[in-house]
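Residues: numbered from 1 along the sequence shown. Indexing begins at 1, ligand by ligand and atom by atom, following the structure's order. In what follows, every heavy atom counts, from backbone to side chain, and hydrogens, waters and symmetry copies are set aside.
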Amino acid sequence: MSGPQTNDDIDLVIVGAGLAGLYMLHSARGIGLNARVFESGSGVGGTWFWNRYPGARCDVPSLEYSFGFDEALQQEWEWTERYPTQPEILRYIDHVADRFALRDGITLDTRVLSSHYDEPTSRWTVTTETGEVVTARFVVMATGCLSAANVPKIEGSDDFAGEIHHTGHWPHEGVDFSSKRVAVVGTGSSGVQSIPVIADEADHVTVFQRTPAYAVPAYNQPLDPAEVEQVKADYVNWRTVARRTATGFGGHARSGEMQAALDLDPDARAAVYQERWEYGGLTFLGAFNDLLFSQEANDTAAEFVRGKIADVVDDPTVAARLSPDTVIGCKRMCVDSGYYETFNRSDVALVDVSATPIERLTETGVQVDGVVHDVDAIVFATGFDAMTGALNRIDIRGRGGVPLTEKWAAGPLTYLGLQVNGFPNLFTITGPGSPSVLANMIVAIEQHVEWITDLLERMVADGVTEVEPEPQAESDWVDYVNLVASITLFHGCSSWYLGANVPGKPRVFMPLPAFPEYKQKCDEVAAAGYEGFILT
Ligand code: NA7
């Protein structure tokens, strides 16, 4: 490229071509806006483009983890398994891009570096790594909640002679682990999903665990055509139900939410847990309505899972090490396929790094407590700088040139997780302060895209130039999110919901654990003429 290009004809720049960016583009075109998407990857898909690690799968059932905005799309697409694999989800996303002819609006291989608001013209200037400079009236950050990889800074990282990979940036050509000794650092969903698969291929696997995970079996299986037919016959209703449940699940929400664990005697309670365990998946935590509010109730679920770990893992010392003693559900639960069984293999070792963190990498391996564990490859399954990481990595400046990072120095401040005071016409899809990762992400994305689209349509129709939240509405909203989180047990562990996994990140609970109430609030705000927003 010879020099910076400018383009003043753009109404809307969308950053990111994952599920959120694609639907936003489709929706914006539906109301006649000229929208342009910038995507750093060489393909669409966002998180599903990057997370190609062995065993990568969604922990939400495929019939739920799919768009509901278009009846023909949901009828024609055929999922094959209960939980979709990463390649299958990526095929689906590619299909969406083609089906709605979105590709000509997307510029791939182009990372957005900055987005600055120009007050005199009320336009955003967006600059990309490839040297393009475009201006747009609106910017939608569809940058994802789990897209900025958290790679721990460990001394000696340059000394290690073997290969190092992060699960969230997996090489597209794949990695051959055969005949190799592999270290896996991290036991969240990515570790829990990849460890059994890597163990099947590698010569030896050493798992470095800081906090043990609670994992519920997936019981993944091919989808039953009769079930698919039944769901598709009632899909519209399913999607409506999904928007009314706390988790954003339609048909798989399951009953039981009205019952308290502490109201049942231990045998009856155990029977409910057992039934949920055999059903599999994240709905385990929906067994009772007090599990995330009462420590005593939570302890009963945690004890049940610890019992399952002890049943599966042969060596009692290893079983104890794998058994969490924290609040169950405080970190996102994992959905596994053979995770605990993997530790019965003679070629898999578990190293506890909770009390003695990884000291350094050496040329030959990973050093803990003075002992070097020799390996040929290291996999960091160490998660993400969640929810704010991708936004803070872009130089976003609002009124008066104030950087978003400065405004958010003590933690993210938003109204409804959709907008930030001082940053007019900038929107965040599934931003901090919205249910996002605590609901089915696709349902949360659809709700946000549709709400933003309605607002943009109204602004264009009414000749409104700028929209941003009132300062009071924003601070009241932040207080509300904190209040809701404070009455739950979510503060009982060092989770990425709280920013606790990234050294130095402010500890603020970012997602809102109340999807139906949230949706209702958004609807009411819109119905009241966008109450709490300043429309200029
Ligand atoms: P997670 O859930 O954040 O898990 C990351 C894991 O890596 C977790 O066990 C961390 O321990 C561990 N970790 C992070 N840094 C270190 C260091 N420095 N040393 C040792 N261990 C470390 O990320 P995932 O990618 O697995 O899953 C993210 C989401 O994707 C998941 O919730 C689903 O929604 C899908 P910690 O718990 O912080 O002690």
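With sequence neighbours left out, D352 forms a side-chain hydrogen bond (donor to acceptor under 3.5 Å, both in side chains) with S354. In terms of the ring-ring contact (aromatic ring centres under 6.0 Å, His included) criterion, Y214 has no residue partners (sequence neighbours excluded).
Other residues, nucleotides and ligands contribute over 12 non-hydrogen atoms within 6.0 Å of the CD atom of Q221.
Under the 3.5 Å distance criterion, the side-chain polar atoms of R52 are matched with a main-chain donor or acceptor of F49.
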Check ligand 1 for N or O atoms under 3.5 Å from a protein N or O and list each pair with its distance.
from, atom 1, to, atom 2, distance (Å)
ligand 1, 7 (O), A381, O, 3.3
ligand 1, 9 (O), T187, N, 3.0
ligand 1, 9 (O), G188, N, 3.4
ligand 1, 15 (N), R210, NH2, 3.4
ligand 1, 25 (O), S190, OG, 2.6
ligand 1, 26 (O), S189, N, 2.9
ligand 1, 26 (O), S190, N, 2.8
ligand 1, 26 (O), S190, OG, 3.3
ligand 1, 34 (O), R332, NE, 3.0
ligand 1, 37 (O), T211, OG1, 3.4
ligand 1, 37 (O), K331, NZ, 2.4
ligand 1, 38 (O), R210, NH2, 2.9
ligand 1, 39 (O), R210, NE, 2.9
ligand 1, 39 (O), T211, OG1, 2.5

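In the model, E88 has a side-chain atom that pairs as donor or acceptor with a side-chain atom of T80 under 3.5 Å.
Among residues at least two apart or in separate chains, side chain to side chain donor-acceptor pair (under 3.5 Å) pairs with a member in residues 148-163 are E155-R360, D159-R360, E163-H165, E163-K180.
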